[in-house]
Amino acid sequence: MKTAPPLAWVTGAGGLIGNYLVQLAPRCAPDWRVRGLTRAELDLTDFAAVQRAIEADRPALVIHCAALSRSPECEANPGLAQRLNVEVTRRLAGLCPAASLVFFSTDLVFDGREGNYDESAAPNPLSVYGRTKAEAERVVLQHSRSLVIRTSLTGGVSPTGDRSFDEELCRAWRAGRTLRLFTDEYRSPLHASVTAQAVWELALAGATGLYHVAGAQRLSRWEIGQLVAARCPELSPRIEASSLREYQGPPRPPDTTLNCRKAQGRLTFRLPGFGFPGVSQ
């Protein structure tokens, strides 16, 4: 009797990176069955339902993308952020000890004072989102077969049309808004399709521990806005330069760019800068 291929779960499959992981699975993980789980299919806060699903499916790999990831929502609802980003992750890790676990974290675990952070740098998050992700990292890394992926800003097309930063910019321009973008806040943006390909490679190669997967360029919010604007002139995009010095909201880290040398050493392709078809990188 032929043995069924191993099963991988992808939580947050209705989101940006989760959707790309599922869509690219036939090419990147052809020897695996992949089940993409949206919130409608499985409420991860219903721990009894999650336990029943794990016992029924017995996934060999769980790629956990689901999270409360928008910083303003986390600041407004810190209890919800703690539940979704930490407690759900803790339960998943506990319910599938025999499975490999991949967890998505963020460059916002850093305070942004230095930039070019590698995996040995000590986290010092400034936001609720960053703090919950840093706590969840510690939980996951106690799991013997765990892989934590820190990402930066992620571009691409999401099922809902509002999950990537470039989608957010385009939605604002369609609404006729002029965007003020920081010239002195730096990230390492990367298209979600590249992130998904890298994560499949690392996970299936048996990588464990902490890895940074982000773009090869240090770009300011302003520079990113210019790249996105060049791609969609039909929206008549309007952007204005701004500075963190003018910002009055919660603390923002000025430079959370990531050093990805460790991941690059295990990947079969070069992590690119951020761009779009027809736009110079």
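Index from 1, following the sequence.
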What distance do L61 atom CG and R35 atom CZ have between them, rounded to the nearest 0.5 Å?
14.5 Å

Is it the case that the ring center of F103 lies less than 6.0 angstrom away from the ring center of H143?
no

Does a side chain donor of either S152 or D107 reach within less than 3.5 Å of an acceptor in the other side chain?
yes

Taking side chain as C-beta onward, heavy atoms only, is F182 less than 4.5 Å from R252?
yes

Please say whether the positively charged group of R150, taken as NZ for Lys or CZ for Arg, lies over the ring of Y211, i.e. under 6.0 angstrom from the six-membered ring centre and within 45 degrees of the axis.
no

Pair S127, E75: side-chain N/O donor-acceptor within cut-off below 3.5 Å:
no

May I ask you to decide whether D118 forms a salt bridge with K262, counting only side-chain N to carboxylate O separations under 4.0 Å?
no

Got F104 and V199 here, is their nearest side-chain heavy-atom distance under 4.5 Å?
yes

Kindly indicate whether a cation-pi arrangement holds for R91 with F47, taking the cut-offs as under 6.0 Å to the six-membered ring centre and within 45° of the axis.
yes

Would you mind checking if R261 and E119 are paired as a salt bridge, meaning a charged N to carboxylate O distance below 4.0 Å?
no

Hey, does S105 have a side-chain heavy atom less than 4.5 Å from the side chain of T151?
no

Could you tell me whether R171 and D166 make a salt bridge, using a distance below 4.0 angstrom between a side-chain N and a carboxylate O?
no

